[in-house]
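What follows is one structure encoded as structure tokens, with my remarks underneath.
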Amino acid sequence: TDLSRIRNFSIVAHIDHGKSTLADRLIQSTSTVADRDMKAQLLDSMDIERERGITIKANTVRIDYTANDGNAYVLNLIDTPGHVDFAYEVSRSMRAVEGSLLVVDASQGVEAQTLANVYQAIDADHEIVPVLNKIDLPAAEPDRVKEQIEDVIGIDASDAVMISAKTGIGIPDVLEAIVTRLPAPTGDATAPLKAMLVDSWYDAYLGVVVLVRVIDGTLKKGERIRFMSNNTVHHVDRIGVFRPGMQPVDILGPGEIGFLTASIKEVRDTSVGDTITTEKKGTEAMLPGFAPSIPVVFCGLFPVDSAEFEDLRDAIDKLRLNDASFSSEMETSAALGFGFRCGFLGLLHLEVIRDRLEREYDIELITTAPSVIYNVYMTDGSMIELHNPADMPDAVQVDRIEEPRIKATILVPDEYLGDVLKLCQDRRGVQLDLTYAGSRAMVVYDLPLNEVVFDFYDRLKSVTKGYASFDYQMIGYQEDQLVKMQVLVNDEPVDALSMMVHRTRADARGRVLCEKLKELIPQHMFKIPIQAAIGGRIIARETISALRKDVTAKCYGGDATRKRKLLDKQKAGKKKMRQFGRVEIPQEAFINALKMD
Ligand code: GTP
């Protein structure tokens, strides 16, 4: 294809501002898909994405469009993941295209993810076309939102395209804007092959499918190619484009986006952002800034029913086929038995994987407290990366501990600002910036990641009635006063409840945790002490009183069926319990105990 007739673009937006709906309209209005094959949110393929309305994997589609100038254009849309946990994937897919449509809900205005994503687009040197969506809504305020885009983001919004992705208003204008306002790609067809590995996923029939953007040279079927990051060589079996179904082609030239398959067995053998070239006479120059995604949040996943351990292993293996960014390694816990220590890109990523294991594979799980990676410097000068608080070395051998910190950007309506500042302050935050755009405040905080991994999103949502938006990026490690807090139930340490806490917060955290466990653990026939401890020092204590023996007898005295029902119920409930010494702890206790309020 003639380079001047190609436009590559992505759509950046905050969640729910209408990115998927717009993509659907673009596909539909150009008859890329026959009407009868059109289903809502065509680009969101996984069920869970559909349910939660979150786009997780980058997806792509090639659209043929004859513009008002009479010429036929090829428009390649790469759909980027909308969530902060996938920031690295967003930044790579941004580098595969030249422009972005910035979609803003005209009834809502700019949100935290609008900002985070548009900054990525600006970083990638994109030409940006602002698009105001949902102008069909009575609450739409396009003028105010235009002003906000100019004030907050600093780009000209005077000729923003006004649309309703829902009703179809303005869709032809979007297509024209793509052709006339976004630049064509540049590239040299005669240079050695240089292509970017934008994404990859596992397909049961084809093996690993690799999404590529050709920069220079041509990618040909039957050729031998090299992945430059790990220097592996593969034979290209298939090349094609997405319309949005897979359609084979023989070559992909500069500026083009498509896929290849090359008998690659695992997604792990491919790295997003990698440079692909030919085995012989390839390019010397790798694409800049290659950095693999690394997990930052860890937790233990254990089957509630220990007989399901093998099922869990299989399920994790299957999920890992398609998600190389999540790590897993076997873990044994004195309390929980066999399970896996898993690493995730962030909290949402953790939730998505846990959900899929429970729903698609039907495995009930106990999730231990999420933890970040601490750098533990030992007195002998060595350094340990601590992924699991249970592995914390003895305090006397530890010189100092560093924890990861993030830069968080929060956009919030004025009236909730006070609550948000308090929340951030309570989580050991340091305010970096506070600005206003209309009736909204933008607050920037430096926060410890470990204070965010518990339930920061939930708290933020509840104190702002859902009106705040939030985004973050890692900024590095900093030393702080961190200690390991243990929980003892009936004098037995429960390693799954161990956590790293800041020294000044330990007493309060320990107290709350013990109080909650007292509520969450049912009474037994004996007294159960619950204690929180740092080293050998007990910092909080609660006691669950013993159950009086005659309780069932009294309530259910003569009625045999009711008594049996009660026993059946207890039996069903047992499945969700775990035995710790003589004490049974329900699985919700683990999750709920760790929430702070
Ligand atoms: P994520 O995939 O979660 O990032 O969301 P998204 O940005 O793709 O938003 P999506 O397209 O799923 O739209 C969110 C909601 O807004 C859906 O309920 C849409 O039906 C609705 N919506 C999208 N465009 C319009 C519009 O122009 N007008 C109105 N009234 N509703 C719209």
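Atoms considered below: every heavy atom in the structure, side chains included; atoms not considered: hydrogens, waters and symmetry mates. Atoms within a ligand are numbered from 1 in the order they appear, just like the ligands themselves.
When Lys166, Arg25, Lys134, Lys19 are checked for heavy-atom proximity to atom 6 (P) of ligand 1, Lys19 turns out nearest. Counting heavy atoms only, Thr21 comes closest to atom 23 (C) of ligand 1 of the residues Thr21, Asn117, Thr167. Nearest to atom 30 (N) of ligand 1 by heavy atom, out of Ile135, Asn133, Asp136, Ile163, is Asp136.
The parts of Ala165 lying near ligand 1 are both backbone and side chain, judged by heavy-atom distances below 4.0 Å.
Heavy-atom contacts of His14 reach the following atoms of ligand 1: 7 (O) (cutoff under 4.0 Å). Distances below 4.0 Å separate heavy atoms of Ser164 from the following atoms of ligand 1: 26 (C), 27 (O), 28 (N). For ligand 1, the atoms lying closer than 4.0 Å to a non-hydrogen atom of Leu137 are 30 (N). For ligand 1, the atoms closer than 4.0 angstrom to any heavy atom of Ser20 are 2 (O), 6 (P), 8 (O), 11 (O).
Ring geometry for Phe259 against Phe242 counts as tilted: the plane angle lies between 30° and 60°, on a 0 to 90° scale.
Salt-bridge check for Glu451 with Arg459: failed, with every basic side-chain N at 4.0 Å or more from each acidic carboxylate O.
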- Message: Applying ring pair (Phe, Tyr, Trp, His ring centres under 6.0 Å) to Phe326 and Phe344, what does each step give before you reach the verdict?
- Response: CA-CA 5 Å; Phe326 122 76; Phe344 307 90; 5.7 Å; yes
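On a distance-only criterion, Ile15 and ligand 1 share no N/O pair closer than 3.5 Å.
For the pair Asp173/Ile163, no side-chain contact is recorded, criterion being any heavy-atom separation below 4.5 Å from C-beta on. Inter-residue side-chain proximity for Leu22 and Asn133 is flagged as unmet; no heavy-atom pair is nearer than 4.5 Å.
Annotation: salt bridge (Lys or Arg N to Asp or Glu O under 4.0 Å) contacts involving residues 119-140, sequence neighbours excluded, comprise Asp105-Lys134.
Note that the CE atom of Met442 and the CD atom of Glu111 stand 12.5 Å from one another [nearest 0.5 Å].
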